[in-house]
Amino acid sequence: MKRTLVTTDIHGCFDEMMDMFELVKYDPINDDLLVLGDLTDKNSAGVGKVADELYHLQKQYKNIIVIASNHDDKHVRYQRNEEKFHQIN
């Protein structure tokens, strides 16, 4: 049976994302996956791993949609040096 799985607010937590996929028995061949943003922010160390995994799934199976959000946009702007955090003294 085909399912549509929806998630959001991964925030760079790669291990937790993979645990969730295992918990719901995510089947990338038969399931559609919709990720509603906030891939980045809380765990910046895992952001690359999360993005790489979702990119790999999207490229291989074509049934995954990832929508960027405000956290993701802010992360991209910061990486491009378009936005700097201001330190409060």
Side-chain angles (χ1 to χ4, degrees):
M1 177 173 81
K2 187 172 185 94
R3 303 179 299 167
T4 299
L5 305 174
V6 181
T7 188
T8 187
D9 296 292
I10 296 170
H11 290 290
C13 297
F14 177 79
D15 293 335
E16 290 84 350
M17 179 184 76
M18 298 308 290
D19 289 346
M20 176 188 62
F21 288 165
E22 186 176 329
L23 180 69
V24 300
K25 296 179 176 36
Y26 171 55
D27 177 2
I29 295 171
N30 295 307
D31 293 334
D32 291 332
L33 179 62
L34 179 58
V35 181
L36 300 176
D38 287 357
L39 301 174
T40 65
D41 196 28
K42 292 180 182 166
N43 183 354
S44 60
V47 168
K49 290 172 71 175
V50 167
D52 287 347
E53 180 68 18
L54 294 175
Y55 175 77
H56 167 75
L57 289 170
Q58 192 173 41
K59 187 172 179 160
Q60 186 171 357
Y61 298 105
K62 312 268 190 248
N63 58 349
I64 175 173
I65 297 171
V66 178
I67 299 172
S69 70
N70 60 320
H71 287 272
D72 308 315
D73 182 55
K74 187 174 186 174
H75 181 79
V76 169
R77 287 192 325 263
Y78 182 77
Q79 291 298 317
R80 291 180 179 165
N81 291 319
E82 295 173 8
E83 182 173 308
K84 291 294 181 187
F85 294 106
H86 299 283
Q87 182 175 356
I88 299 174
N89 294 325

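This structure is a prediction, so every number in the text was calculated from the model and none was measured.
Residues forming a side chain to side chain contact (heavy atoms under 4.5 Å, CB included) with Ile65 (at least two apart in sequence, or on another chain): Leu34, Ile67. In this view, Asn63 and Asp32, Tyr61 satisfy the side chain to side chain contact (heavy atoms under 4.5 Å, CB included) rule, not counting sequence neighbours.
Applying the salt bridge (Lys or Arg N to Asp or Glu O under 4.0 Å) definition to pairs two or more places apart or across chains, those involving residues 22-31 are Arg3-Asp31.
The SG atom of Cys13 sits 10.5 Å away from the CG atom of Asp19 when rounded to the nearest 0.5 Å. Between atom CE of residue Met18 and atom CE of residue Met20 there is a gap of 9.5 Å, rounded to the nearest 0.5 Å.
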Contacts under 3.5 angstrom, residues 51-60 side chains, donor-acceptor by atom type, not counting sequence neighbours:
| residue | atom | partner | partner atom | Å |
| --- | --- | --- | --- | --- |
| His56 | NE2 | Gln60 | OE1 | 2.9 |
| Gln58 | NE2 | Ile64 | O | 3.1 |

Please report the C-alpha distance between Thr8 and Val35 in whole Å, then the side-chain angles of each, then the deciding distance to 0.1 Å, and finally whether the side chain to side chain contact (heavy atoms under 4.5 Å, CB included) criterion is met. CA-CA 6 Å; Thr8 187; Val35 181; over 6 Å; no

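Annotation: side chain of Leu36 is not in contact with side chain of Thr7 (no heavy-atom distance under 4.5 Å).
Both Ile29 and Tyr26 are members of a single hydrophobic cluster when ILVMFWY side chains are connected at heavy-atom separations under 4.5 Å.
In this structure, Asn30 and Lys2 approach most closely via the heavy-atom pair O-CG, 3.2 Å.
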